[in-house]
Amino acid sequence: MIATCSNKTARILALVRLIPEGRVASYGQIAGYIPGVTPRMVGFALAGRGATDGVPWHRVVNAQGGISGHAAGAEQRRRLLAEGVAFDSAERIDRRRFGWPGPDPATLVEMGLDPAAAFALSHRDQ
DNA sequence: CTTCTGACGAAAT
DNA sequence: CATTTCGCCAGAA
(Lines give C-alpha, C1' and ligand atoms only; values in the text may rest on other atoms or scores of the structure.)
Protein backbone atom coordinates (compact mmCIF):
# COMPACT_ATOMS: atom_id res chain seq x y z
CA MET A 1 0.00 0.00 0.00
CA ILE A 2 1.62 3.16 -1.08
CA ALA A 3 0.02 6.20 0.42
CA THR A 4 0.98 9.79 1.08
CA CYS A 5 2.94 10.12 -2.10
CA SER A 6 2.57 13.86 -2.23
CA ASN A 7 6.28 14.32 -2.67
CA LYS A 8 7.80 13.59 -5.99
CA THR A 9 10.85 12.28 -4.24
CA ALA A 10 8.81 9.69 -2.39
CA ARG A 11 7.24 8.46 -5.61
CA ILE A 12 10.60 8.26 -7.28
CA LEU A 13 12.03 6.18 -4.48
CA ALA A 14 8.93 3.98 -4.46
CA LEU A 15 9.38 3.31 -8.15
CA VAL A 16 13.08 2.58 -7.86
CA ARG A 17 12.21 0.13 -5.14
CA LEU A 18 10.25 -1.91 -7.69
CA ILE A 19 13.26 -2.65 -9.85
CA PRO A 20 13.93 -6.39 -9.54
CA GLU A 21 17.32 -7.91 -8.94
CA GLY A 22 19.45 -8.31 -12.02
CA ARG A 23 17.71 -5.53 -13.91
CA VAL A 24 18.50 -1.86 -14.36
CA ALA A 25 16.50 1.25 -15.18
CA SER A 26 17.69 4.66 -16.29
CA TYR A 27 17.02 7.95 -14.54
CA GLY A 28 15.00 9.06 -17.50
CA GLN A 29 12.97 5.88 -17.47
CA ILE A 30 11.99 6.33 -13.86
CA ALA A 31 11.19 9.97 -14.49
CA GLY A 32 9.06 8.99 -17.43
CA TYR A 33 6.53 7.23 -15.24
CA ILE A 34 5.87 10.30 -13.13
CA PRO A 35 4.43 13.40 -14.83
CA GLY A 36 6.36 16.52 -13.93
CA VAL A 37 9.45 14.64 -12.86
CA THR A 38 12.66 15.09 -14.80
CA PRO A 39 15.62 12.72 -14.94
CA ARG A 40 17.50 15.20 -12.84
CA MET A 41 15.02 15.00 -10.04
CA VAL A 42 15.53 11.26 -9.95
CA GLY A 43 19.22 11.80 -9.49
CA PHE A 44 18.59 14.41 -6.82
CA ALA A 45 16.20 12.11 -5.03
CA LEU A 46 18.76 9.35 -4.80
CA ALA A 47 21.74 11.56 -4.02
CA GLY A 48 20.16 13.88 -1.55
CA ARG A 49 18.91 11.26 0.83
CA GLY A 50 21.60 8.63 0.67
CA ALA A 51 18.63 6.44 -0.13
CA THR A 52 20.27 3.22 0.88
CA ASP A 53 17.30 2.29 3.00
CA GLY A 54 15.57 -0.50 1.10
CA VAL A 55 16.00 1.33 -2.16
CA PRO A 56 18.09 -0.48 -4.78
CA TRP A 57 19.73 2.74 -5.96
CA HIS A 58 22.48 0.76 -7.67
CA ARG A 59 19.96 -0.46 -10.24
CA VAL A 60 19.53 3.03 -11.60
CA VAL A 61 22.03 3.93 -14.30
CA ASN A 62 22.23 6.62 -16.95
CA ALA A 63 20.61 6.45 -20.38
CA GLN A 64 23.75 4.99 -21.89
CA GLY A 65 23.61 2.03 -19.55
CA GLY A 66 26.61 3.28 -17.68
CA ILE A 67 27.43 4.53 -14.22
CA SER A 68 27.83 8.26 -13.89
CA GLY A 69 30.75 9.69 -12.02
CA HIS A 70 29.56 9.68 -8.46
CA ALA A 71 31.10 8.68 -5.15
CA ALA A 72 29.37 5.33 -4.83
CA GLY A 73 30.00 4.42 -8.46
CA ALA A 74 32.51 1.71 -7.69
CA GLU A 75 30.16 0.05 -5.24
CA GLN A 76 27.28 0.38 -7.64
CA ARG A 77 29.20 -1.47 -10.31
CA ARG A 78 30.22 -4.16 -7.85
CA ARG A 79 26.63 -4.71 -6.72
CA LEU A 80 25.36 -4.99 -10.27
CA LEU A 81 28.01 -7.55 -11.15
CA ALA A 82 26.96 -9.52 -8.08
CA GLU A 83 23.42 -9.63 -9.46
CA GLY A 84 24.52 -10.94 -12.81
CA VAL A 85 24.47 -7.67 -14.70
CA ALA A 86 27.26 -7.57 -17.25
CA PHE A 87 29.27 -4.60 -18.50
CA ASP A 88 30.72 -4.43 -21.97
CA SER A 89 34.16 -3.20 -22.94
CA ALA A 90 32.90 0.38 -22.77
CA GLU A 91 31.66 -0.15 -19.20
CA ARG A 92 28.09 -0.06 -20.37
CA ILE A 93 25.15 -2.34 -19.68
CA ASP A 94 23.16 -3.84 -22.53
CA ARG A 95 19.69 -2.52 -21.85
CA ARG A 96 18.16 -4.97 -24.28
CA ARG A 97 19.14 -7.74 -21.89
CA PHE A 98 19.25 -6.16 -18.45
CA GLY A 99 16.88 -3.24 -18.86
CA TRP A 100 13.82 -3.23 -16.63
CA PRO A 101 10.60 -3.42 -18.68
CA GLY A 102 8.86 -1.38 -16.03
CA PRO A 103 6.29 -2.09 -13.35
CA ASP A 104 2.96 -3.78 -13.98
CA PRO A 105 0.23 -1.39 -15.18
CA ALA A 106 -1.78 -2.40 -12.13
CA THR A 107 1.08 -1.33 -9.89
CA LEU A 108 1.23 2.05 -11.58
CA VAL A 109 -2.48 2.56 -11.09
CA GLU A 110 -2.03 1.60 -7.49
CA MET A 111 0.53 4.35 -7.19
CA GLY A 112 -1.77 6.84 -8.80
CA LEU A 113 0.22 6.90 -12.02
CA ASP A 114 -0.87 6.52 -15.61
CA PRO A 115 -0.07 3.15 -17.27
CA ALA A 116 -0.16 4.92 -20.63
CA ALA A 117 3.07 6.60 -19.65
CA ALA A 118 4.76 3.22 -19.40
CA PHE A 119 3.42 2.30 -22.79
CA ALA A 120 4.80 5.43 -24.37
CA LEU A 121 8.09 4.77 -22.61
CA SER A 122 8.58 1.25 -23.92
CA HIS A 123 7.58 2.48 -27.33
CA ARG A 124 10.32 5.06 -27.27
CA ASP A 125 13.35 2.99 -26.43
CA GLN A 126 14.88 0.72 -28.99
C1' DC B 1 14.78 34.63 4.18
C1' DT B 2 18.78 33.50 0.39
C1' DT B 3 22.23 30.69 -1.89
C1' DC B 4 24.34 26.52 -3.10
C1' DT B 5 24.60 22.14 -5.01
C1' DG B 6 23.71 17.30 -6.14
C1' DA B 7 23.54 9.99 -9.10
C1' DC B 8 20.70 13.18 -15.81
C1' DG B 9 18.44 13.43 -20.66
C1' DA B 10 17.16 14.85 -25.10
C1' DA B 11 17.09 17.77 -28.94
C1' DA B 12 19.48 21.05 -31.60
C1' DT B 13 23.72 22.54 -33.69
C1' DC C 1 30.72 11.89 -32.08
C1' DA C 2 31.27 16.81 -29.14
C1' DT C 3 29.14 20.75 -27.25
C1' DT C 4 25.35 23.63 -25.80
C1' DT C 5 20.78 24.64 -23.77
C1' DC C 6 17.00 23.96 -20.95
C1' DG C 7 14.45 21.61 -17.45
C1' DC C 8 13.58 23.54 -12.28
C1' DC C 9 13.26 19.45 -6.51
C1' DA C 10 14.77 19.44 -1.84
C1' DG C 11 17.76 19.68 1.96
C1' DA C 12 21.70 22.10 4.26
C1' DA C 13 24.15 26.27 5.85
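So that the names make sense, note that chain A is the first sequence line, chain B the second, and so on, each numbered from 1.
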Below 3.5 Å between N/O atoms, which protein atoms pair up with nucleotides 10-13 of chain B? Just atom names and distances, please.
unit_1 : atom_1 : unit_2 : atom_2 : d
B/dA10 : OP1    : A/R124 : NH1    : 2.6
B/dA10 : OP1    : A/R124 : NH2    : 3.0

Figure out the [atom1]/[atom2] separation between [X] and [N], and round it to whole Å.
| X | N | atom1 | atom2 | answer |
| --- | --- | --- | --- | --- |
| A/I67 | B/dG6 | CD1 | P | 19 Å |
| A/Q64 | B/dA7 | CD | P | 16 Å |
| A/R77 | B/dA7 | CZ | C1' | 17 Å |
| A/R79 | B/dA7 | CZ | P | 17 Å |
| A/L121 | B/dG9 | CG | P | 12 Å |
| A/L15 | B/dC8 | CG | P | 18 Å |
| A/W57 | B/dC8 | CH2 | C1' | 16 Å |
| A/K8 | C/dC9 | NZ | C1' | 7 Å |

Taking the side chain from A/D104 and the backbone from A/T107, do they hold a donor-acceptor pair closer than 3.5 Å? no
**Q.** All pairs passing salt bridge (charged side-chain N to carboxylate O under 4.0 Å, His left out) where residues 54-75 of chain A contributes a residue, at least two apart
**A.**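 The answer is A/R59-A/E83, A/E75-A/R79.
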For residues 19-39 of chain A, the salt bridge (charged side-chain N to carboxylate O under 4.0 Å, His left out) pairs (sequence neighbours left out) are none
* Is there ring stacking between A/F44 and B/dA7, where the centres must be under 5.5 angstrom apart and the planes under 30 degrees? ->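 A/F44 vs B/dA7: stacking no.
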Sorted by chain and residue number, the side-chain contact (heavy atoms from CB on, under 4.5 Å) partners of A/A90 (sequence neighbours excluded) come out as A/D88, A/R92
*Heavy-atom side-chain contact between A/W100 and A/R95 under 4.5 Å*: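 No, too far: nothing below the 4.5 Å cut-off.
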field: Residues in salt bridge (Lys or Arg N to Asp or Glu O under 4.0 Å) contact with A/D94, at least two apart in sequence or another chain
entry: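 Here the qualifying residues are A/R96.
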Using the P atom as the reference point in each nucleotide, state the distance between C/dC6 and B/dA7 in Å, no decimals.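 One P to the other, the span is 23 Å.
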Going by chain and number, the hydrophobic cluster around A/I93 (ILVMFWY, side chain to side chain under 4.5 Å) further includes A/V24, A/V61, A/I67, A/L80, A/L81, A/V85, A/F87, A/F98
Residues at least two apart in sequence or cross-chain that pass side-chain hydrogen bond (donor to acceptor under 3.5 Å, both in side chains) with A/E91, listed by chain then number, are A/R77
Within residues 29-42 of chain A, those residues having any heavy atom closer than 4.0 Å to DNA chain B are A/P39, A/R40
Below 3.5 Å, can you tabulate the donor-acceptor pairs from side chains in residues 38-48 of chain A to any protein atom, sequence neighbours excluded?
unit_1 : atom_1 : unit_2 : atom_2 : d
A/T38  : OG1    : A/M41  : N      : 3.4

